[in-house]
Amino acid sequence: MRVYLASPFFNEKEMEPLKEAEQILEAKGLDVFSPRKNQMDHLEEGSRHWSIATFINDKKFIDWAEIVVGVYHGNYSDSGTAFELGYAYGTNKPFIAVHVGEDSNLMVHEGAHANVTLEELREYDFEAMPSSFYQGEMF
């Protein structure tokens, strides 16, 4: 199964659960595209060319994926991650929200096919694709 892994990776707090999710998904034998590992290193970060190329590449791989998994840090999570999850939903692609924050925005957890923790992701069956609802603080 082809998986796009959406997540912020701007600081150590965000990197730790992302790296753990990458390891979990790869250990399951899934074909994972993680933007963290696929940066436009040949372009000047922050330039217009870099911005366009990154957007086009990430969108291309969301389209390529059969499912999107998002490491979600709660209601005030990264706007890029929220966009990727919304785009997946809008194109009828299921996404799994991996909750690592203290709360959730209803637009994310209600749009998710499944809502899990990192520990639950370890046991998640990507063939059966069970759905689950978010239970916790929400906005």
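What you see is a predicted model, and the numbers here were worked out from it, not measured in a lab.
Not one N or O on the side chain of Arg2 forms a donor-acceptor pair closer than 3.5 Å with the backbone of Glu66. Of the possible polar contacts, none joining the Lys93 side chain to the Val68 backbone as a donor-acceptor pair under 3.5 Å is found.
Residues Asp103 and Asn75 have side chains that never bring a donor and an acceptor to within less than 3.5 angstrom of each other. Side chains of Asn115 and His99: a donor on one and an acceptor on the other come within 3.5 Å.
Residues Met138 and Tyr76 do not share a hydrophobic cluster, defined by chaining ILVMFWY side chains whose heavy atoms lie under 4.5 Å apart. Residues Ile62 and Met107 fall into different hydrophobic clusters, defined by Ile, Leu, Val, Met, Phe, Trp and Tyr side chains chained together at heavy-atom separations under 4.5 Å. When hydrophobic clusters are built by joining Ile, Leu, Val, Met, Phe, Trp and Tyr residues whose side-chain heavy atoms come closer than 4.5 Å, directly or via intermediates, Trp64 is grouped together with Phe55.
Classified by interplanar angle (parallel below 30°, tilted 30° to 60°, perpendicular above 60°), the ring pair Phe95/Tyr89 is perpendicular.
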Checklist entry - Under the side chain to side chain contact (heavy atoms under 4.5 Å, CB included) criterion, do Asn57 and Met40 qualify, and how do the steps go? => result CA-CA 9 Å; Asn57 194 57; Met40 297 287 147; 3.4 Å; yes

Next on the checklist: Could you walk me through whether Glu20 and Glu119 satisfy the side chain to side chain contact (heavy atoms under 4.5 Å, CB included) test, starting with their C-alpha distance in whole Å, then the side-chain angles of each, then the deciding distance to 0.1 Å, before giving a yes or no?
Outcome noted: CA-CA 10 Å; Glu20 189 172 342; Glu119 285 306 311; 4.1 Å; yes

Next on the checklist: Working note: Arg122 + Lys28, criterion side chain to side chain contact (heavy atoms under 4.5 Å, CB included); need CA distance, chi angles, decisive distance, verdict.
Outcome noted: CA-CA 9 Å; Arg122 290 184 189 287; Lys28 290 178 172 286; 5.7 Å; no

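Under the side chain to side chain donor-acceptor pair (under 3.5 Å) criterion, Asp63 pairs with Lys59, Tyr87, sequence neighbours left out. Legend: residues meeting side chain to side chain contact (heavy atoms under 4.5 Å, CB included) with Asp58, ordered by chain and number and at least two apart, are Tyr4, Phe33, Pro35, Thr54, Glu84. Under the side chain to side chain donor-acceptor pair (under 3.5 Å) criterion, Lys37 pairs with Glu26, sequence neighbours left out. Qualifying side chain to side chain donor-acceptor pair (under 3.5 Å) partners for His113, counting only residues two or more places apart in sequence or in other chains: none. Annotation: side chain to side chain contact (heavy atoms under 4.5 Å, CB included) contacts of His49 (sequence neighbours excluded): Leu43, Ser47.
With rounding to the nearest 0.5 Å, the separation of CD in Glu14 from NZ in Lys19 is 12.5 Å. How far OG of Ser51 is from CD of Glu44: 12.0 Å, rounded to the nearest 0.5 Å. Here the NE2-CD distance, from His73 to Glu102, works out to 12.0 Å after rounding to the nearest 0.5 Å.
Counting all heavy atoms, side chain and backbone alike, Ala114 lies closest to Pro130 at CB-O, 3.6 Å. Nearest heavy atoms, Asn38 versus Ser34: ND2-O, 2.8 Å. Across all their heavy atoms, Tyr72 and Ser104 have their closest contact at CE2-OG, 3.4 Å.
Taking a 6.0 Å sphere around CD of Glu16, one finds it holds 12 or fewer heavy atoms contributed by other residues, nucleotides or ligands. Counted within 6.0 Å of CD on Glu120, heavy atoms from surrounding residues, nucleotides or ligands total more than 12; the atom is thus considered enclosed.
The hydrophobic cluster around Val71 extends to Met1, Val3, Leu5, Phe9, Met15, Leu18, Ile24, Leu25, Leu30, Val32, Ile67, Val69, Ile96, Val98, Val100, Val116, Leu118, Leu121, Tyr124, Phe126, Met129, counting ILVMFWY residues whose side-chain heavy atoms fall within less than 4.5 Å of a member.
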